[in-house]
Amino acid sequence: MTPQNARAHEPQTLSILGLGAMGTALAAALLDRGDPVTVWNRSPGRGDGLVERGAHRAGTIDEAVGRSEVIVTCLLRYASVRETLDPFAESLRGRTLIDLTTTTPDEARELGRWATEHGIRFLNGAIMATPFQIGAPGARILYSGPSELFESNRDALAAWAEGVYDGPDVGAASLIDLAMLSAMYQMFVGMFHGAAMVGSQGMPASAFAERVIPFLESLVHHFATDAAIIDEGDYTVAGQQDLYFSDLGDIVRTSDEAGVDSSTIAAAQGLIRRQVDAGRGREGFARIYESLRFPRGGEQQEWIA
Ligand code: FVH
């Protein structure tokens, strides 16, 4: 039993709507801890293993809602959540809804307004883990919305992952989730692009991975240095690689000459060139942030957490 699975209080019944890979893992983690759980899925044939382990299968959404004070949705996307919940708004009145479906910040805020209009308490969640990681150390779920809802459900939520509270704006968890995923996907695309470059000369991707993993590992802590420069807004700090030096032209040309798609690295080059064209070529590489953050000019906003 992991520390996350060590229960401090009496368990409450949760109802989970959606038994895809993630909903099933969430329900299983509650059962692992001995918590009662009610499950519902749109299509039959999912959740047999959970029922065998003691979960109650609700035949209807109304039944699932009626059995618990806290209803958790883990469905494909925002549209599925609204399609599922809209007809049951009155049944949900006075209960707590925790949505763990991946949504955009605005979708989460729209769901929050819908919930408020119907007297439903709403906490937004964003899962930063795979189904296999649920209930294991290292898994994290971001939450945003009323702090008292996060606090009052903390024990139940701890069955799944470390809960991180990201403030009262219900959209915040979705924003941070998608920003983290953006960083992750672009890092992987970078690795795949490098693999395609060497692959054009026959080098296996696994051989490239062996080289690139320690290289990137040695660099990743520089994120913190760059982040501090971005927050200060002074890209002239000594010791930075400047934008003239980082033109990326060699990488674009080599890709093109090898017949490898250069669009991702060319996009990065475009961000650099925008700053060079604005007369900032002698400033540090982190200045690319300004191209991304203010594509049409603008000002930094204050972060409210
Ligand atoms: N799986 C993962 O690694 C990621 C990790 C990070 C967070 N995501 C998000 O979690 C949501 C659910 O993901 P999932 O992996 O469980 O997804 P599926 O296995 O594809 O299951 C989808 C469930 O959604 C149900 N569903 C789809 N459309 C509707 C609808 N219109 N009405 C009611 N239910 C719907 C589907 O039901 P069925 O097809 O079996 O009837 C599944 O239960 C997701 O937002 C990830 O981004 C997971």
Side-chain angles (χ1 to χ4, degrees), residues 4 14-32 37-51 55-65 68 70-89 91-92 97-112 114-115 120 122-145 156-157 159-164 166 170-188:
Q4 286 158 7
L14 260 66
S15 282
I16 297 183
L17 309 185
L19 294 179
M22 187 52 85
T24 300
L26 297 173
L30 292 170
L31 293 172
D32 287 346
V37 60
T38 292
V39 294
W40 173 89
N41 194 65
R42 175 183 61 173
S43 314
R46 294 223 207 209
D48 291 349
L50 298 169
V51 173
H56 176 86
R57 192 199 308 272
T60 62
I61 296 173
D62 240 347
E63 186 195 344
V65 170
S68 308
V70 180
I71 319 302
V72 176
T73 38
C74 189
L75 302 169
L76 192 59
R77 50 179 69 99
Y78 178 64
S80 347
V81 177
R82 294 302 301 271
E83 208 176 294
T84 301
L85 296 183
D86 277 15
F88 298 94
S91 312
L92 283 158
L97 169 67
I98 301 176
D99 183 36
L100 298 179
T101 308
T102 302
T103 59
T104 68
D106 281 349
E107 288 169 346
R109 291 180 191 118
E110 192 175 280
L111 187 59
W114 174 85
I120 303 161
F122 176 60
L123 189 65
N124 183 32
I127 303 173
M128 309 288 326
T130 64
F132 297 106
Q133 292 172 310
I134 293 298
R140 281 184 153 196
I141 302 183
L142 316 182
Y143 295 96
S144 53
L157 307 178
W160 300 327
E162 179 193 346
V164 179
D166 276 316
V170 292
S174 300
L175 177 65
I176 296 167
D177 175 37
L178 295 176
M180 304 260 276
L181 292 177
S182 174
M184 180 198 78
Y185 280 117
Q186 293 186 75
M187 182 184 70
F188 276 99

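The figures that follow rest on heavy atoms only: side chains count, while hydrogens, waters and symmetry mates do not. First listed ligand is number 1; within each ligand, the first listed atom is number 1.
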Q: For ligand 1, find out whether one of its N or O atoms is nearer than 3.5 Å to an N or O atom of N41.
A: yes
Q: Looking only at heavy atoms, which two atoms of A139 and W160 are closest? And how far apart?
A: CB-O, 4.0 Å
Q: Between S144 and D166, do the side chains contain an N or O donor and an N or O acceptor separated by less than 3.5 Å?
A: no
Q: Taking only heavy atoms of P131, which atoms of ligand 1 are found under 4.0 Å from at least one of them?
A: 1 (N), 2 (C), 3 (O)
Q: Please state which part of A129 comes within less than 4.0 Å of ligand 1, counting heavy atoms only: side chain, backbone, both or neither.
A: backbone
Q: Using a 4.0 Å cutoff against the non-hydrogen atoms of G18, which atoms of ligand 1 qualify?
A: 43 (O)
Q: Are the side chains of M22 and L100 in touch, meaning some heavy atoms are under 4.5 Å apart?
A: no
Q: Check this for me - ligand 1, L76, N or O atoms closer than 3.5 angstrom, yes or no?
A: yes
Q: Return yes if some donor-acceptor pair links the side-chain N/O of Q133 with the main-chain N/O of A129 below 3.5 Å, else return no.
A: no
Q: Could you check atom 6 (C) of ligand 1 against the protein and tell me its nearest heavy-atom contact, residue, atom and distance included?
A: I127 O, 3.4 Å
Q: Please examine the side chains of I16 and L50, heavy atoms only from C-beta on, and report whether any two atoms are closer than 4.5 Å.
A: no
Q: Give the intermediate values and the outcome of side chain to side chain contact (heavy atoms under 4.5 Å, CB included) for residues L142 and M128.
A: CA-CA 7 Å; L142 316 182; M128 309 288 326; 3.8 Å; yes
Q: I need the contact type for T84 against ligand 1. Using non-hydrogen atoms and a strict under-4.0 Å cut-off, is it side chain, backbone, both or neither?
A: side chain
Q: Quick test: of every protein heavy atom, which one is nearest to atom 41 (O) of ligand 1, and how far off is it to 0.1 Å?
A: S43 OG, 2.4 Å
Q: List the atom of E110, the atom of Y78, and the distance in Å for their closest heavy-atom pair.
A: OE2-OH, 2.8 Å
Q: State, yes or no, whether a side-chain contact exists between I71 and I120 at a heavy-atom distance under 4.5 Å.
A: no
Q: I'd like to know if G45 contacts ligand 1, where contact means a heavy-atom distance under 4.0 Å to any ligand atom.
A: no
Q: Using a 3.5 Å distance criterion without hydrogens, assess whether the side chain of T24 forms a donor-acceptor pair with backbone atoms of L19.
A: yes
Q: Does any non-hydrogen side-chain atom of D99 lie less than 4.5 Å from one of L111?
A: yes
Q: Kindly identify the option in M128, R82, R42 whose heavy atom sits closest to atom 30 (C) of ligand 1.
A: R42
Q: Verify whether one side chain among T60 and D62 offers a donor that lies under 3.5 Å from an acceptor in the other.
A: no
Q: For ligand 1, is there an N or O atom under 3.5 Å from any N or O atom of T102?
A: yes
Q: Please state which protein non-hydrogen atom is closest to atom 19 (O) of ligand 1 and give its distance, to 0.1 Å?
A: A21 N, 3.0 Å
Q: Of the listed options (L75, L181, T101, I141), which comes nearest to atom 44 (C) of ligand 1 when hydrogens are ignored and any heavy atom counts?
A: L75
Q: Is there at least one pair of N or O atoms, one from C74 and one from ligand 1, spaced under 3.5 Å apart?
A: no
Q: Give the single entry among Q133, R77, E83 that approaches atom 31 (N) of ligand 1 most closely by any heavy atom.
A: E83
Q: Can you find an N/O atom of G20 closer than 3.5 Å to an N/O atom of ligand 1?
A: yes
Q: What part of M22 sits under 4.0 Å from ligand 1 if we count only heavy atoms: the side chain, the backbone, both or neither?
A: both
Q: Can you name the atoms of ligand 1, numbered from 1 with element, that are less than 4.0 Å from a heavy atom of L19?
A: 43 (O)
Q: Please determine, by modelled atom types, if T73 and T101 share a side-chain donor-acceptor pair under 3.5 angstrom.
A: no
Q: Check each heavy atom of T24 against ligand 1 and say whether those closer than 4.0 Å belong to the side chain, the backbone, both or neither.
A: neither
